[in-house]
Amino acid sequence: MSSPEQPTKRITSSQFRVRLRARHLTGTLFVALAMIGTTIGVVLLAVLLFEVARDGVRFLSLDFLNSFPSRKPELAGFKSALWGSIWLITFTALWAFPLGVGAAIYLEEYASKNRVTSLIQINVSNLASVPSIVFGLLGLQLFVRGTVGIGPDFGGFGRSVLAGSLTLALLILPVVIVAAQEAIKAVPSSTREASYGLGATRWQTIQHHVLPQALPGIMTGTILAIARAIGETAPLIVLGAFTFVAFTPSGVLDSFTAMPIQIYSWTSRPQADFQDLAASGILVLLFVLLTMNTIAVFLRHRFGHLTKN
Amino acid sequence: MTQLQQTYPDPLSVNEVPIQQHFNKGEVTESSTPREPNLRPRMKSDRPSKETDEIKDPAVRIQDLSVWYGSKQAVGNVSLDIARNQITALIGPSGCGKSTLLRCINRMNELISGVRIEGQIEIDGEPLYIDGVDPVEVRRVIGMVFQRPNPFAKSIYDNVAFGARINGYQGDMDELVRQSLEQAALWDEVKDDLKGSGLALSGGQQQRLCIARAIAVQPEVILMDEPCSALDPIATQRIEDLMQELATSYTIVIVTHNMQQAARVSNRTAFMLAQEDLVGRLVEYGQTEQLFTSPSNKRTEDYITGRFG
Amino acid sequence: MSTTAVVNPGRPQRFGHRRSQQFTERVIAAVLFGCAAVTVLTTVGIVVILFSEGLSFFREIHPVDFLTGTRWTPASGNFGVLPLILGTLMIAVGASFISIPVGTLSAIFLAEYASPKVRSIIKPILEVLAGIPTIVYGFFALTFITPLLRDSWLPDVGIFNALSAMIVVGIMTVPMVSSISDDSLRAVPESLREAAYGVGATKFEVITRVTFPSALSGIVASYILAISRAVGETMAVTVAAGATPHLTLNPLESVQTMTAYIVQVTQGEAPHGTIEFRTIFAIAMTLFAMTMIMNLLSARIVSKFRERYE
């Protein structure tokens, strides 16, 4: 065999070396570019946090947390928004957790592999990417006004904590289900076999063996999902949550405001003072989110070994 | 492809490599006479016996090579000369460091993080492990075929042309692809479908495609890491025939866990073993026939007669 | 076995005494199925509500007029949705000019270059970007990005403008691109990288010619998802881009997106049952259809990608 042009084979081929130097230079430039790209994200996050903190410290105080909103910036506070959010997410969790875990148990432990199951599964992942504002419209018609457009109206719950929390529960349900499914999947099948071998029924096996092992994972996923719900603004605005509320809810049928709604309301004001108030509100909101994420990460690390294979 | 410059007097011509029928059945026949009479008195000792025959002008010279993964030593003080235009087999039980040793020859091993390599490897007298030698250059001169066929998700043509393209091949690419596929004994099967995906071929064809891909960059040495372990016996047979043909133009080093394969295809065999300290060392190296018929080391004999491994 | 079992009346049956337990099991299974069915009912509910209200809107306004009209002034009877769609797409596409390059480069850095330690620091930081509520991005756009643009090289940019909305939506969708692309790159079998190294490729060549093309379908899916997310994004665009439905491609002007319009109407006191209120369902229908198509498309691409390597 012969080839028309035979490049030198030796390692020391100088022509090859010159080209190789250029190839390596391209590589180095690319690494630099990739690092710059990565840094952009990190820097932007830092700038955002820094800006919010700089604007927000001015009004941040205990009074801020203990006062109702006011037309005078120096008197305005976050109390109704904070408590509104607490009421809202407590009930959101109350609806979403059992529903989500129940659905996950069904999909992982009961459902046979058939069309209905795969339809439910596809539906769950699709729902997770439906814009949240669409959930707002669902909640507006279904929970606030009690009508679905067909059939008789059934009244509805008005612009209440109940309507808001039900809406947010449906919004985060897909996330809770997927997280719970992952946690249940991670429980080794030997655990189930051991339980069945002792004569336990399916539910007994789930109740006594699968769920306790999967619980930390389920909790982590649920907390992260609820953290997402706390920051949701659009669906609540569509529901008609009030932006100026000078009381805290005392029941599920009371109307409410929430942290992101209050922040939105302050941000929309042209006066700089109100925008600083918004920044203070953001700091409180981010602190709550940070706390919840820390708890979730802690749970994952503390109990992670229980579900690892 | 050019015929390589020198041809070496080869006592074991590629067409008539003796296959010792009995070596793996525990009946090592002392009577079988090696083709090249061994002038030394045959002794069973624990010392490596690589000095049984001198290799003049070796293609690859491994000198006192040691490899660590983190703090764990995997290969210890291996010295080995690899003869030009011959097939050298590295055998030994799993974990003996034979693949690690092989991957050091083209500096692939340093892609693994935490690896440390001491000692030296020379190709044609040029050291690979010194400052200023670029692993990319080394890998162009020393090609590699892997355990599992790993064609790119590209056309057959692009698979073969890949290496030549990145290395700035100036000649006729169509011709190079044709020659490489011919040399890899694949041309007749794929010449009408060069645009077809490399992944659509059978396992054995994929592996020959990978060999063609390695040949296309015109290396001097081809390393094969258990190239037939994922193939059926018929595909294995074809690859082995192919290796014999390639050995007229290339120096081939093959790692195999299959002793029959080593006996069938190789001119020389190196037996490696990791003992209690789990560090892989060279136990015995010599003409394949001799190593299999009259090993000079007790452990080699135990291994090839199937007493362990 | 004979058909008539002889039951000793004095002894309890060995099998079958768990009938009440079986009933409990069945009830539990039914309840759990009910939980799973809620998700399907949610989708059905969304579709029914959007369609019932949306269709009654389309009885009054012809869909063709709706989809091709270039003026959106519901108060004076112009129901051409194009300005809203254009505003939405302009912001989504503009955002992708940030999220796609930054996200892709981050993914390549994380998957191919970063040490495990660096990776374990950078990846969570990028994911924080996705966890920050969108209203915070709206605030950031309005109080930082827009003033920055005006003070530096774009003095005529309006208080509300599409550009700052693009920038913040781009930032918030970076993790979507980086995290899914990172997963796709890491799913490329190591053997392919080795094959490329084995013929003398540099790391850059391995990445650009082998790893990246092999992961391309997953990476493209991440781009589609990020754009879909940007289309459905509400608060940041409402706060930053304003509420002026302009048929424009000038990012320095204020535009209104579909989502921002829905917010505007629901916040105002447009009475239920009026045509103006029904518009939001027609728009939500359009929005739902757009995002659903993109999501299904990206899911398809991802599942095809999985087939190839599993």
Side-chain angles (χ1 to χ4, degrees), chain A residues 23-24 26-27 30-31 33-35 37-38 40-42 44-45 48 51-52 55 99 102-103 105-107 110 120 123-127 129-134 137-138 141-142 148-150 170 173-174 177 201-203 231 233-234 237-238 240 260 263-264 267-268 275 278-279 282 285 289, chain C residues 21 25 28-29 31-33 35-36 38-40 42-43 45-46 48-50 52-53 101-102 105-106 108-109 113 122 125-126 128-129 131 133-136 138-140 142-144 171 174 202-205 225 228 232 234-235 239 259 262-263 266-267 280-281 284 287-288 291-292 295 299:
Chain A
R23 287 162 66 195
H24 278 311
T26 320
F30 183 70
V31 182
L33 190 66
M35 283 172 93
T38 313
I40 287 176
V42 178
L44 283 172
L45 178 66
L48 187 150
E51 277 305 313
V52 170
D55 294 352
L99 270 179
I105 294 173
Y106 175 78
L107 288 170
Y110 283 84
I120 296 176
N123 183 58
V124 167
S125 49
N126 272 341
L127 269 185
S129 40
V130 168
S132 61
I133 195 164
V134 173
L137 289 172
L138 173 72
Q141 295 295 88
L142 189 61
V148 289
I150 47 173
L170 290 186
L173 194 54
I177 292 175
T201 63
R202 194 190 288 234
W203 175 246
T233 322
I237 287 184
V238 172
I263 293 165
Y264 170 59
T267 304
S268 318
Q275 298 193 339
I282 290 172
L285 176 61
L289 292 182
Chain C
Q21 209 166 37
E25 286 282 318
I28 287 168
V31 168
L32 295 176
F33 175 77
C35 293
V38 168
T39 62
V40 178
T42 306
T43 306
I46 288 172
V48 166
I49 282 169
L50 295 187
S52 65
E53 294 283 333
V102 173
L105 286 171
S106 308
I108 291 175
F109 178 75
Y113 289 104
I122 302 280
I125 290 180
L126 288 182
V128 170
L129 284 174
T134 60
I135 178 66
V136 178
F139 172 86
F140 185 60
L142 191 69
T143 63
F144 182 74
I171 300 171
V174 161
T202 63
K203 186 158 195 167
F204 171 71
E205 289 156 353
L225 269 189
S228 157
T234 307
M235 292 324 292
V239 170
T259 50
I262 297 175
V263 167
T266 48
Q267 260 202 310
I280 61 174
F281 291 94
L287 181 70
F288 183 70
T291 53
M292 188 61 87
N295 297 338

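Bear in mind that the values here come from a model prediction, so they are computed numbers and not experimental data. Residue numbers begin at 1 in each chain, while the letters A, B, ... track the order of the sequences.
The contact between Leu173(A) and chain C is made entirely by side chain atoms (from C-beta outward), counting heavy-atom distances below 4.5 Å. Proximity to chain C is limited to the side chain of Leu127(A), based on heavy atoms less than 4.5 angstrom apart. Interface residue Leu289(A): only side-chain heavy atoms are found under 4.5 Å from chain C. Residue contact with chain C, scored on non-hydrogen atoms closer than 4.5 Å, involves the backbone and the side chain of Ser129(A) alike. Phe144(C) touches chain A through its side chain: at least one heavy atom from C-beta onward sits under 4.5 Å away, while N, CA, C and O do not. In this structure, chain C has heavy atoms under 4.5 Å from both the backbone and the side chain of Val238(A). Interface residue Leu50(C): only side-chain heavy atoms are found under 4.5 Å from chain A. For a residue to count as touching a neighbouring chain, one of its non-hydrogen atoms must lie under 4.5 Å from one of that chain's; by this rule Ile171(C) touches chain A with the side chain only. With a 4.5 Å cut-off on non-hydrogen atoms, Leu48(A) touches chain C through its backbone and its side chain both. Proximity to chain A is limited to the side chain of Leu142(C), based on heavy atoms less than 4.5 angstrom apart.
For the atom pair CG of Leu107(A) and OG1 of Thr39(C), the computed distance is 7.5 Å after rounding to the nearest 0.5 Å. Ile46(C) CD1 to Leu137(A) CG: the interatomic distance, rounded to the nearest 0.5 Å, is 9.5 Å. Separation of atoms CZ (Phe140(C)) and CD1 (Ile282(A)) is listed at 10.5 Å; rounding is to 0.5 Å. Here the CD atom belonging to Glu205(C) is positioned 8.5 Å from the NE2 atom belonging to His24(A), to the nearest 0.5 angstrom. Note: Leu45(A) CG to Ile125(C) CD1 = 7.0 Å, rounded to the nearest 0.5 Å.
The closest side-chain donor-acceptor pair between Thr143(C) and Gln275(A), if any, does not fall under 3.5 angstrom.
Per-residue heavy-atom pair counts under 4.5 Å with chain A were compared for Ile108(C), Thr291(C), Leu129(C), Val174(C), and the maximum is reached by Leu129(C). Counting heavy-atom pairs closer than 4.5 Å to chain C, the top residue among Thr267(A), Leu170(A), Asn123(A) is Asn123(A). Looking only at heavy-atom pairs under 4.5 Å with chain A, the residue among Phe33(C), Tyr113(C), Phe288(C) that has the most is Phe33(C). Each of Ala34(A), Ser268(A), Gly37(A) has some count of heavy-atom pairs under 4.5 Å with chain C, and the biggest count is that of Ala34(A). Chain A forms the most heavy-atom pairs under 4.5 Å with one residue out of Ile28(C), Leu32(C), Val239(C), and that residue is Leu32(C).
Between Asn126(A) and Thr43(C) the shortest side-chain heavy-atom distance does not fall below 4.5 Å. The closest side-chain heavy-atom distance from Leu33(A) to Phe109(C) is not below 4.5 Å. The shortest side-chain heavy-atom distance between Phe204(C) and Arg23(A) does not fall under the 4.5 Å cut-off. Under the 4.5 Å side-chain criterion, counting only non-hydrogen atoms from C-beta, Pro133(C) is in contact with Leu285(A). Side-chain contact check for Met235(C) versus Ile237(A): some heavy-atom pair is nearer than 4.5 Å. The shortest distance between side-chain heavy atoms of Leu287(C) and Ile133(A) falls below 4.5 Å.
Among all heavy-atom pairs drawn from Gly102(A) and Cys35(C), the shortest one is C-CB, 3.7 Å. Between Ala29(C) and Tyr106(A), the shortest heavy-atom distance links the atoms O-CD1, 4.3 Å. Nearest heavy atom pair, residue Leu126(C) against residue Gly41(A), reads CD2-CA, 4.0 Å.
For CE of Met292(C), the number of neighbouring non-hydrogen atoms (other residues, nucleotides, ligands) closer than 6.0 Å is greater than 12.
Side-chain atoms of Glu25(C) come within 3.5 Å of backbone N or O of Trp203(A) as a donor-acceptor pair.
Shown here are the salt bridge (Lys or Arg N to Asp or Glu O under 4.0 Å) partners of Arg202(A), two or more places apart in sequence or in another chain: there are none.
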